[in-house]
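To keep things clear, I will list the structure first and then write my remarks on it.
Lettering of chains follows the sequences in order, A, B, ..., and the numbering in each one begins at 1.
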Amino acid sequence: EPEVTQTPSHQVTQMGQEVILRCVPISNHLYFYWYRQILGQKVEFLVSFYNNEISEKSEIFDDQFSVERPDGSNFTLKIRSTKLEDSAMYFCASRISGGQETQYFGPGTRLLVL
Amino acid sequence: GENVEQHPSTLSVQEGDSAVIKCTYSDSASNYFPWYKQELGKGPQLIIDIRSNVGEKKDQRIAVTLNKTAKHFSLHITETQPEDSAVYFCAADTGRRALTFGSGTRLQVQP
């Protein structure tokens, strides 16, 4: 069964450094998402992406964040200058089409900012 | 924006008993309500979902009910098994396709 994959599974970085989290959505899916989950808290929406542009973003997704689909398979989340409070689990999700609501989640990347 | 409340935060049941998890939502425009199961170290896995034009949906031991008037929906797991132990999240989608999640319920099924 096709799955969303994410790399790396764990990332430790120093405050102020840039990180790039990578996702490979399910191959025929057209809509892509990033969510985050701070330890012990809710899963929170960050951004949605369709047709090579951002569809929607939350107030969390400020200028320090950016997303990109650099090729036909990868979908990346970049944090330009990490802060301690960016430490969280980051999930990528994908959805097949406009009429199908189901989002499929990847296993996540645990980011720790020191 | 949408706000989803989920109760209880933890639930312990004996194997074979039923488990019920309840969620309420605030935005009457929400029209899609998925439930996800998250096992330790893994991403959320969809287990069942319901759309606002349906009041109940069942899939084997799992069922979801929706009351649009009261703006609440519930997950029912019957004949619970130890492998049902996980964190369960409800979510709501207003049609913008940005899911708003509840805070999660840690279900422990005691053998």
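- Both the backbone and the side chain of Thr102(A) come within less than 4.5 Å of a heavy atom of chain B.
- You'll find the side chain of Gln103(A) stays beyond 4.5 Å of the side chain of Tyr32(B), heavy atoms only.
- With rounding to the nearest 0.5 Å, the separation of OH in Tyr104(A) from CG in Leu46(B) is 6.5 Å.
- Contact of Val87(B) with chain A is not made at all, since no heavy-atom distance falls under 4.5 Å.
- For chain A, the nearby part of Gln45(B) is the side chain; its heavy atoms alone come within less than 4.5 Å.
- Atom CD of Gln60(B) sits in a sparse spot, with 12 or fewer heavy atoms from other residues, nucleotides or ligands closer than 6.0 Å.
- The number of heavy-atom neighbours closer than 6.0 Å to CG of Leu114(A), taken from other residues, nucleotides and ligands shown, is above 12.
- For Asp63(A), the CG atom sits in a loose shell: 12 or fewer heavy atoms of surrounding residues, nucleotides or ligands are nearer than 6.0 Å.
- The minimum heavy-atom distance between Pro44(B) and Gly106(A), with the atom names listed, is CD-O, 4.4 Å.
- Counting non-hydrogen atoms of neighbouring residues, nucleotides and ligands closer than 6.0 angstrom, the CG atom of Leu40(B) reaches no more than 12 such neighbours.
- Rounding to the nearest 0.5 Å gives a distance of 5.5 Å between NZ of Lys42(A) and CD of Glu5(B).
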inquiry  = Could you walk me through whether Gln38(B) and Phe91(A) satisfy the side-chain contact (heavy atoms from CB on, under 4.5 Å) test, starting with their C-alpha distance in whole Å, then the side-chain angles of each, then the deciding distance to 0.1 Å, before giving a yes or no?
reply    = CA-CA 12 Å; Gln38(B) 187 177 26; Phe91(A) 293 107; 3.3 Å; yes
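- Contacts of Arg95(A) with chain B are made by side-chain atoms alone, with heavy-atom separations under 4.5 Å and no backbone atom involved.
- Gln37(A) has its side chain within reach of Phe89(B): a pair of non-hydrogen atoms, C-beta onward, lies under 4.5 Å apart.
- For NZ of Lys22(B), the number of neighbouring non-hydrogen atoms (other residues, nucleotides, ligands) closer than 6.0 Å is 12 at most.
- Phe45(A) and Ile54(A) sit in two unconnected hydrophobic clusters of ILVMFWY residues. Membership requires side-chain heavy atoms under 4.5 Å apart, directly or through other members.
- Residues Leu99(B) and Tyr35(A) are in side-chain contact: their nearest non-hydrogen atoms beyond the backbone lie under 4.5 Å apart.
- Hydrophobic clustering, with ILVMFWY side chains joined whenever heavy atoms are under 4.5 angstrom apart, keeps Ile96(A) apart from Tyr50(A).
- Around the CZ atom of Arg80(A), the shell of radius 6.0 Å holds more than 12 heavy atoms that belong to other residues, nucleotides or ligands.
- Both the backbone and the side chain of Glu101(A) come within less than 4.5 Å of a heavy atom of chain B.
- Neither the backbone nor the side chain of Tyr31(A) comes within less than 4.5 Å of any heavy atom in chain B.
- Within a 6.0 Å sphere centred on CD of Glu79(B), other residues, nucleotides and ligands contribute 12 heavy atoms or fewer.
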